[in-house]
Amino acid sequence: MKRKVSKRDRLRLVRLVLAIAFILAGIIPGRIAIAFYQAPIPQAILVLGSASERMEFAAQFWHTHSHLDIWVSDYAWNLDVNRRIFQSFGVPNQRLHLDGRATDTVTNFTTLVEDFVSQKLQHIYLITSDYHMNRARAIASIVFGSQGIVLTPVEVPSQGDESETLVRVLRDCGRSLLWIFTNRTGASLNPKL
């Protein structure tokens, strides 16, 4: 037998969701501000995978930031190719952290955030394509921001790719909020996986 949800119960649920959103709207920016104050200069480089141009750009970028480690989040099957790209640019293996757990942009961040927290990293350079940066920054602001990590974006110029739609950005922001509360991203709902 189905129980009908009363109007009063729905109103309570809406109030609860709004209260949580209001609290998060204050906590995440506060944690980002504290992280930026404590670590005003980035302490590592994060490159989002799936494009060799990003790896090449990151390898060149590293030469002016050679004291930093590079973290790459990509599909597992791309990691060997990525390593070879970095090696061809003279980046030593001990500076590379290749991670193949991600299945999409949200999991690029959720799979690495605990590693960054355990390394006490509070400020990260984020390298991805220019058309992808708005969505990546929105996700990172929620996932990393909730853990007290700030990012500095570094865009890789692309060849005429259009910026991602607001719908995709909002969808992945929702998935990021889901991760905060459930430690799940909803990636398993993707029929392509």
Side-chain angles (χ1 to χ4, degrees), residues 13-14 16-18 20-29 31-32 35-36 42 44-58 61 70-79 81-82 85 98-117 123-193:
L13 179 62
V14 168
L16 176 64
V17 169
L18 289 174
I20 291 169
F22 183 74
I23 290 169
L24 283 177
I27 291 173
I28 290 175
R31 294 199 75 184
I32 289 171
F36 190 75
I45 300 167
L46 170 61
V47 188
L48 302 187
S50 82
S52 60
E53 305 83 44
R54 295 176 191 171
M55 301 307 136
E56 292 170 5
F57 181 95
F61 183 82
I70 300 172
W71 295 72
V72 176
S73 180
D74 202 349
Y75 298 113
W77 58 83
N78 282 345
L79 297 181
V81 172
N82 293 340
I85 291 170
L98 302 175
D99 188 274
R101 296 175 288 173
T103 58
D104 56 37
T105 305
V106 174
T107 57
N108 282 139
F109 297 100
T110 60
T111 56
L112 282 176
V113 69
E114 289 304 317
D115 294 335
F116 292 159
V117 169
H123 194 161
I124 309 288
Y125 280 117
L126 172 64
I127 296 178
T128 192
S129 301
D130 52 4
Y131 68 86
H132 189 241
M133 187 58 80
N134 286 340
R135 184 161 60 107
R137 283 181 71 184
I139 296 164
S141 294
I142 295 169
V143 173
F144 282 6
S146 72
Q147 302 302 308
I149 301 171
V150 66
L151 64 92
T152 294
V154 181
E155 294 183 346
V156 178
S158 61
Q159 301 289 335
D161 292 309
E162 292 185 28
S163 290
E164 294 172 319
T165 66
L166 181 60
V167 171
R168 289 185 82 183
V169 174
L170 292 175
R171 176 203 63 200
D172 285 350
C173 285
R175 290 180 56 212
S176 300
L177 290 170
L178 176 69
W179 174 81
I180 289 174
F181 293 108
T182 67
N183 210 30
R184 299 191 184 283
T185 64
S188 62
L189 301 175
N190 185 345
K192 295 178 186 174
L193 300 177

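Along the sequence shown, the residues carry numbers beginning at 1.
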TODO: Could you give me the CA-CA distance, side-chain angles and deciding distance for S146 and R31, then say whether side-chain hydrogen bond (donor to acceptor under 3.5 Å, both in side chains) is met?
DONE: CA-CA 7 Å; S146 72; R31 294 199 75 184; 6.0 Å; no

TODO: Apply side chain to side chain contact (heavy atoms under 4.5 Å, CB included) to the pair H123 and F36, showing each step before the final yes or no.
DONE: CA-CA 7 Å; H123 194 161; F36 190 75; 3.6 Å; yes

Open item on the list: Between D74 and R101, does any NZ, NE, NH1 or NH2 come within less than 4.0 Å of an OD or OE carboxylate oxygen?
Closed with: no

Task: Validation row: F116, L46 side chains within 4.5 angstrom (heavy atoms) - done: yes

Task: Donor-acceptor contact present, side-chain T165 to main-chain R168, <3.5 Å - done: yes

- [ ] Please assess F144 against V113 for the test side chain to side chain contact (heavy atoms under 4.5 Å, CB included), listing each intermediate value before the final yes or no.
- [x] CA-CA 6 Å; F144 282 6; V113 69; 3.8 Å; yes

TODO: Mind listing the closest non-hydrogen atom pair of S141 and I28 along with its distance?
DONE: O-CG2, 3.3 Å

Open item on the list: Please find the pair of heavy atoms, one from N78 and one from S50, that lie closest to each other, and give the distance.
Closed with: ND2-CA, 4.1 Å

Open item on the list: Counting only heavy atoms not in R184 (residues, nucleotides, ligands), do more than 12 fall under 6.0 Å from its CZ?
Closed with: no

Open item on the list: Quick one, M133 and L126 - any side-chain contact, counting heavy atoms below 4.5 Å?
Closed with: yes

Open item on the list: Just verifying a value: how many Å separate T110 OG1 and L178 CG, rounded to the nearest 0.5 Å?
Closed with: 10.5 Å

Task: Rounded distance (nearest 0.5 Å) linking atom OG of S129 with atom CD of Q159 - done: 10.5 Å

- [ ] Determine the minimum heavy-atom distance between T107 and T111, stating which atoms define it.
- [x] O-OG1, 2.6 Å

TODO: Output, in order, the C-alpha distance, side-chain angles, deciding distance and verdict of side-chain hydrogen bond (donor to acceptor under 3.5 Å, both in side chains) for D130 and S158.
DONE: CA-CA 6 Å; D130 52 4; S158 61; 2.5 Å; yes

TODO: Could you tell me whether the side chain of H132 reaches within less than 4.5 Å of the side chain of R54, counting heavy atoms only?
DONE: yes

TODO: Check whether any side-chain heavy atom of I70 sits under 4.5 Å from a side-chain heavy atom of V47, and report yes or no.
DONE: yes

TODO: Drop me the distance from I124's CD1 to L151's CG, to the nearest 0.5 angstrom.
DONE: 8.5 Å

Open item on the list: Go through it in stages, so that I can follow the logic: the residues are I142 and F109, the test is side chain to side chain contact (heavy atoms under 4.5 Å, CB included), and I'd like the CA-CA distance, side-chain angles, deciding distance and then a yes or no.
Closed with: CA-CA 10 Å; I142 295 169; F109 297 100; over 6 Å; no

Task: Residue pair V117, I149: steps toward the side chain to side chain contact (heavy atoms under 4.5 Å, CB included) verdict - done: CA-CA 8 Å; V117 169; I149 301 171; 4.1 Å; yes

Open item on the list: Using side-chain heavy atoms (C-beta onward) and a distance below 4.5 Å, is I45 in contact with W71?
Closed with: no

Open item on the list: Is any side-chain heavy atom of V154 closer than 4.5 Å to one of F61?
Closed with: yes

- [ ] Compare every heavy atom of G100 with every heavy atom of L79, then report the nearest pair and how far apart it is.
- [x] CD1-N, 3.5 Å

Open item on the list: Nearest 0.5 angstrom please: I139 CD1 to T105 OG1, how far?
Closed with: 5.0 Å

- [ ] State the CZ-OG1 distance between R137 and T152, to the nearest 0.5 angstrom.
- [x] 9.0 Å

Task: Closest contact, heavy atoms only, A35 versus G148 - done: CB-O, 3.1 Å

Open item on the list: Keeping D172 on the side-chain end and R175 on the backbone end, is there a donor-acceptor pair under 3.5 Å?
Closed with: no

Task: Reported CG-to-CG distance for the pair D115 and D99, which is rounded to 0.5 angstrom - done: 6.5 Å

Open item on the list: Side chains of F57 and T128, heavy atoms from C-beta outward: is any pair under 4.5 Å?
Closed with: no

- [ ] Determine the minimum heavy-atom distance between A138 and V169, stating which atoms define it.
- [x] CB-CG1, 3.9 Å

